[in-house]
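Everything numeric in this text was worked out from a predicted model, so none of it was measured. The figures here come from the full heavy-atom set of this structure, side chains too, leaving out hydrogens, waters and symmetry mates.
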Amino acid sequence: MPCKVVLAAEVASNFTTEIKSEVSQKAEKPKLVGFLANDDPYAEKYAHSSSKHLAEAGLAFELRQVPREELEAAIKEANQDDKVSGILVYYPVYGDKRDQDLQDLVDPTKDVEGLNVVYNGKLYNNDRFLDEDKTRKAILPCTPLAVVKVLDHIGVYDHSLPYGDHLRGKTIAVVNRSEVVGRPLAALLANDGAKVFSIDINDIQIFERASGASINSHVASKTDFKPEDVIPQCDVVITGVPTAAYKMPTKLLKPGVVAVNFASVRNFEPEVKEVASIYVPSVGKVTVSMLQRNLLRLFNYQH
């Protein structure tokens, strides 16, 4: 059976239509402020892409380029500005623990990427709401959420299973364990019942629900596995390595695998289409839709 190539625009279209409709009915437009404090060309490209797509949805966007030494003060100022509905920082800024400090500095009521310690705690404990009445959902990081929406769109999630267990029986590899994308994505997938091999340059960890545990619990354990040990087991392989030199060896992939790439460069070899049942070369447009959706959700919470 030939491989089906699924483009991000196809997945994003339904979200875009819903967002445009809701924004058009508002007298005041939600406003996102993006802070660019690095020289990463991909971050700059993403910033300009954000501006274009937010405008298309009727949302306001302002890019503020500041030296990284002044970023902390700039974030604090935006936190206090009632005209700012959401704040987005383009990472990495320092590429170390100071980035986590900046993430925690963003007011949770304006954190469109869900990277603040409040949302991190909700994500890793599989607590999906901010209030006891369950009327306000926690904000999830845009790219991990985009990958989840892509997997749902292409049928990886099984909605005949109980809520919170839609990935039961699935084995998934995530090649990337960054604190911004790879690790939270592995946690989200494990929270939904999958066995996840989280592959990083240093090691491979398994994220999965402990035997007999409730749906509110998953554990991460270290292994001595190598990629060639685990990739052939996987029903889904998700890559996010930000370098063009890295390629997932097609020979390791299981026939019929679902292959999804969220990196800014292509991590799969061209031959992936000879093995995969579904191939998603990029999730960028879905990430933008999740950004729009998070901004709109925060705006509604504020009002």
Side-chain angles (χ1 to χ4, degrees), residues 11-12 15 18-19 30-36 43 46-47 49-50 53-54 57 59 61 71 75-76 78-79 84-93 97-131 134-152 164 174 176-192 196 198 207 216 218 220 238 240 262 283-303:
V11 185
F15 296 108
E18 291 175 10
I19 292 163
K31 178 181 178 179
L32 176 67
V33 169
F35 289 105
L36 185 60
Y46 180 36
S49 172
S50 302
H53 292 294
L54 287 163
L59 299 161
F61 177 76
L71 182 56
I75 291 173
K76 289 179 179 178
N79 282 342
V84 176
S85 312
I87 295 170
L88 169 67
V89 179
Y90 296 98
Y91 295 101
V93 176
K97 187 183 178 298
R98 287 174 289 182
D99 284 3
Q100 180 64 60
D101 295 337
L102 290 170
Q103 290 163 14
D104 293 340
L105 186 64
V106 176
D107 186 331
T109 66
K110 297 186 178 186
D111 181 9
V112 293
E113 288 215 296
L115 297 175
N116 185 280
V117 65
V118 172
Y119 296 129
N120 257 333
K122 294 285 183 182
L123 187 155
Y124 290 111
N125 289 299
N126 202 16
D127 182 356
R128 305 193 177 193
F129 293 91
L130 294 171
D131 58 334
K134 298 184 177 181
T135 61
R136 294 186 301 149
K137 285 189 171 182
I139 300 299
L140 295 173
C142 299
T143 300
L145 182 57
V147 174
V148 166
K149 295 301 182 185
V150 167
L151 295 179
D152 193 27
V174 178
N176 172 299
R177 202 185 306 132
S178 70
E179 292 297 325
V180 177
V181 184
R183 187 166 178 259
L185 174 58
L188 284 172
L189 299 174
N191 285 344
D192 282 328
V196 182
S198 174
F207 285 57
N216 289 323
H218 79 267
I238 303 166
F262 67 78
V283 303
K285 290 189 177 178
V286 188
T287 297
V288 171
S289 290
M290 296 304 102
L291 174 66
Q292 295 169 343
R293 195 165 171 256
N294 284 352
L295 176 62
L296 192 53
R297 180 167 284 170
L298 288 173
F299 178 85
N300 289 337
Y301 291 169
Q302 293 161 15
H303 295 78

> Write down the atom of Val112, the atom of Ile87, and the distance for their closest heavy-atom approach.
CG2-O, 3.3 Å
> Tell me, please, whether Phe207 has Arg177 positioned over its six-membered ring: NZ or CZ under 6.0 Å from the ring centre and within 45 degrees of its axis?
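Judged by the rule (NZ or CZ under 6.0 Å from the ring centre, within 45° of its axis), Arg177 is not positioned above Phe207.
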> Among Leu59, Leu291, Leu298, find the residue that satisfies the side-chain contact (heavy atoms from CB on, under 4.5 Å) test when tested with Leu32.
Leu291
> Would Glu113 and Val106 satisfy side chain to side chain contact (heavy atoms under 4.5 Å, CB included), going step by step from the backbone distance to the final call?
CA-CA 10 Å; Glu113 288 215 296; Val106 176; over 6 Å; no
> Ignoring hydrogens and angles, tell me if any N or O in the side chain of Tyr119 forms a donor-acceptor pair with the backbone of Ala138 under 3.5 Å.
no
> Output the distance between atom CG (Leu145) and atom CG (Leu140), rounded to the nearest 0.5 Å.
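The CG atom of Leu145 sits 5.5 Å away from the CG atom of Leu140.
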> State, to 0.1 Å, how close Leu123 and Pro141 come at their nearest heavy-atom pair, and which atoms those are.
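Here Leu123 and Pro141 meet closest at CD1-CD, 3.6 Å.
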> Give a yes or no on whether the backbone of Arg136 and the side-chain of Asp131 come within a donor-acceptor separation of less than 3.5 Å.
yes
> If we only count heavy atoms from C-beta on, is the Val150 to Phe262 side-chain gap below 4.5 Å?
no
> Determine whether more than 12 heavy atoms belonging to other residues, nucleotides or ligands lie under 6.0 Å from atom NZ of Lys122.
yes
> Could you tell me the separation between the CG atom of Leu105 and the CG atom of Leu115, rounded to the nearest 0.5 Å?
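It comes to 13.0 Å.
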> Please tell me if the side chains of Val93 and Phe35 come closer than 4.5 Å, counting only heavy atoms from C-beta onward.
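Val93 vs Phe35: side chains apart.
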> Taking Asp152 for its side chain and Val148 for its backbone only, find out whether a donor-acceptor pair lies under 3.5 Å.
no
> Could you pull out the closest heavy-atom pair between Phe299 and Ser85, with the gap in Å?
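For Phe299 and Ser85, the tightest heavy-atom pair comes out as CD1-OG, 3.5 Å.
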> Strictly distance-based, threshold 3.5 Å: is any side-chain N or O of Lys137 a donor or acceptor partner for the main-chain N or O of Arg297?
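Not at all, since once roles are kept as given, no pair shorter than 3.5 Å links the two residues.
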> Do Lys110 and Gln302 make a side-chain contact, defined as non-hydrogen atoms from C-beta onward lying under 4.5 Å apart?
yes
> Do you know which two heavy atoms are closest between Ser178 and Val181, and how far apart they sit?
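Closest approach of Ser178 to Val181, heavy atoms only: OG-N, 3.0 Å.
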> Leu185 and Pro144: which non-hydrogen atoms are nearest, and at how many Å?
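Nearest pair, atom of Leu185 first, then Pro144: CD1-O, 3.7 Å.
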> Do Asn294 side-chain atoms and Ile139 backbone N/O form a donor-acceptor pair below 3.5 Å?
no
> Under a 4.5 Å cut-off applied to non-hydrogen side-chain atoms, are Leu151 and Leu189 in contact?
yes
> For a 4.5 angstrom cut-off between non-hydrogen side-chain atoms, does Asp99 reach Glu179?
no
> Taking Val286's backbone N and O only, do any of them form a donor-acceptor pair with Lys149's side chain (distance below 3.5 Å, no angle check)?
no
> Under a 4.5 Å cut-off applied to non-hydrogen side-chain atoms, are Ile75 and Leu102 in contact?
yes
> Between the side chains of Asp104 and Gln100, does any donor sit under 3.5 Å from an acceptor?
yes
> Identify the two heavy atoms, one from Gly240 and one from Asn176, that lie closest to each other, and give their separation to 0.1 Å.
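Smallest interatomic distance, heavy atoms only, reads O-ND2, 2.7 Å.
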> Measuring only between side-chain heavy atoms, which start at C-beta, is Gln103 closer than 4.5 Å to Val89?
no
> With rounding to the nearest 0.5 angstrom, report the CG to OH distance, Leu296 to Tyr301.
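Taking CG in Leu296 and OH in Tyr301, the distance rounds to 10.5 Å.
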> State whether the side chain of Gln292 and the backbone N or O of His53 hold a donor-acceptor pair below 3.5 Å, judged by distance alone.
yes
